[in-house]
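Small disclaimer: the values here were computed from a predicted structure and weren't measured. Note on naming: letters A, B, ... go to the chains in the order of the sequence lines (proteins, then strands), and numbering restarts at 1 for each one.
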Protein chains: 2
Amino acid sequence: MATSPSGTENSKDRLKGVIRDFRREQVIDVARQLFGERGSIDVSMDEIASRAGVARSTVYVYFANRDELVRACLESLHSHLVAAVAASWESEPDITGRLRLLIDEMLARVDDAPAFIRMALVTQEASGRGGDAIRQELATIGLNIARLLRGLCEEGMTQGIFRPMDPDLATSLIGQQIYGAMAVRAAEPLPAERSTTVGLLTDFIVHGLGA
Amino acid sequence: MATSPSGTENSKDRLKGVIRDFRREQVIDVARQLFGERGSIDVSMDEIASRAGVARSTVYVYFANRDELVRACLESLHSHLVAAVAASWESEPDITGRLRLLIDEMLARVDDAPAFIRMALVTQEASGRGGDAIRQELATIGLNIARLLRGLCEEGMTQGIFRPMDPDLATSLIGQQIYGAMAVRAAEPLPAERSTTVGLLTDFIVHGLGA
DNA sequence: CGTCAAATCGGACAATGTGTCCGACAGCCG
DNA sequence: CGGCTGTCGGACACATTGTCCGATTTGACG
């Protein structure tokens, strides 16, 4: 640690870090695309590596194993979602509008990578052996979205738009509806126009089926 | 074909058929239980075979491959569901009551084999290579349940309980909600009392979140 | 009881994919 | 130049699926 000036060393290390991140994202991008097209089970590490233009063994330098790579892809998807939502959140003061916004972005993720979402929604599967990292990541994502939803519910009730109700319950019910909608859309060969679906979904959540 | 009296031969063949069915169900039961506990990915054919007390190669006499076995398990689960619903359907004339009944039975299936349901809900994954048989079966099951739901929706609208709406849309929305609820429940380590959940869910479907 | 056929066993096999490891090699920095 | 680092590419051990086949059991029938 004393062999070179700390300034130079830091800069060098930072450069290395940047390069590493860049390579990592290169692999993640390829993996996300392949997973999005064909799900995660059907894509081998071999294929990801060769498509990313690196050796298979090199992939294992960046990711401990397959699950870690999948986890990183989920993380990437999530951060894109968060960024997209944050971008228009403040400019949409209406509660229902924000709900619509959130749903729209989530369904957009589905349209982006249907096969991957299909897998993600269920990779809670694989409860036995591996998959711990993946489930962990999904839990984190779920929690984060639940946080958004819960805020929405509480404000909706305060404003008298929603009827009084345990906010956790409301959050869970909305979450389940969105979850179902995502899963169904992910399985659909030709999903309907997203804006239409979002509108109908939001309406249903607010009004239900009753007369 | 002329070597023995046809009567005897038929009886013998039927017996063989019965035996075959019996053995098949033996394997299916074991597989369903293991899948229910740990999902389908984590259970090897080896383990299923040895737990069922047969050789691995024998399993392949009854099922062409892993997917066929999974398909058979799904079929079994579905037929149990249908039987349970049919048993109390007629004695429940109320539309909301029937909806509650259907939801209750579906969630009961989840409680029965959470890990398997988790997988089933997403085995639309594996869109590439195999999995065709499984997806086929899931589509059939989904269609059948959608049929029930659609009838419920139409009758509800006729009776003025539900607001007028495209019945296909209503069916899809309810289906998605139930789907989400099943998936979430399947992932829950300690799901809430089923009757409570069913009540809240039904209420939400009918009334939504609005004030 | 002995015979025969079908069912089952059990293990070998090829194919595929994962994760590990290591020697070779190229580029960069001192 | 000489060493360091990251990458390559391929060999390896391991697990699993699905196939195959000879040996063995079972059970029905004469």
> Distance check: side-chain N/O of A:Tyr62 vs OP1/OP2 of D:dG6, anything under 4.0 Å?
Replying inline: no
> Rounded to whole angstrom units, what separation is found between the CG atom of B:Asn65 and the P atom of D:dT16?
Replying inline: 18 Å
> Roughly how many Å is it from OH in A:Tyr60 to C1' in D:dG9, rounded to a whole number?
Replying inline: 15 Å
>> Using a 3.5 Å distance criterion without hydrogens, assess whether the side chain of B:Arg109 forms a donor-acceptor pair with backbone atoms of B:Met182.
In response: no
> Whole Å only: how far is the CG atom of B:Leu69 from the P atom of D:dT17?
Replying inline: 11 Å
>> Using only modelled atom types and a 3.5 angstrom limit, is any donor from either the side chain of B:Ser57 or the base of C:dG10 paired with an acceptor on the other?
In response: yes
> In terms of side-chain heavy atoms of A:Val54, which of D:dT16, D:dC8, C:dT20 is nearest?
Replying inline: D:dC8
> Under 4.0 angstrom, heavy atoms only, what part of the nucleic acid is A:Phe63 near: base, sugar-phosphate, or nothing?
Replying inline: nothing
> Rounded to whole angstrom units, what separation is found between the CE atom of B:Met45 and the C1' atom of C:dG11?
Replying inline: 17 Å
>> What is the distance, to the nearest angstrom, from the CD1 atom on A:Ile41 to the P atom on D:dT17?
In response: 13 Å
>> Can you measure A:Arg66 atom CZ to C:dG19 atom P for me and round it to whole angstrom units?
In response: 8 Å
> How are the rings of B:Tyr179 and A:Tyr179 set to each other: parallel, tilted or perpendicular (split at 30° and 60°)?
Replying inline: tilted
>> At less than 4.0 Å, is any side-chain N or O atom of A:Arg23 found next to OP1 or OP2 of D:dT7? Yes or no.
In response: yes
> Can you find a side-chain donor-acceptor pair between B:Ser79 and B:Glu75 that sits under 3.5 Å?
Replying inline: no
> Can you check the A:Asp46 CG to D:dG9 P distance for me, whole Å?
Replying inline: 12 Å
> To the nearest Å, how far apart are B:Ile48 CD1 and D:dT16 C1'?
Replying inline: 12 Å
> Could you go step by step and tell me if B:Asp132 and B:Arg135 meet the salt bridge (Lys or Arg N to Asp or Glu O under 4.0 Å) rule?
Replying inline: CA-CA 5 Å; B:Asp132 278 338; B:Arg135 254 170 308 135; 2.8 Å; yes
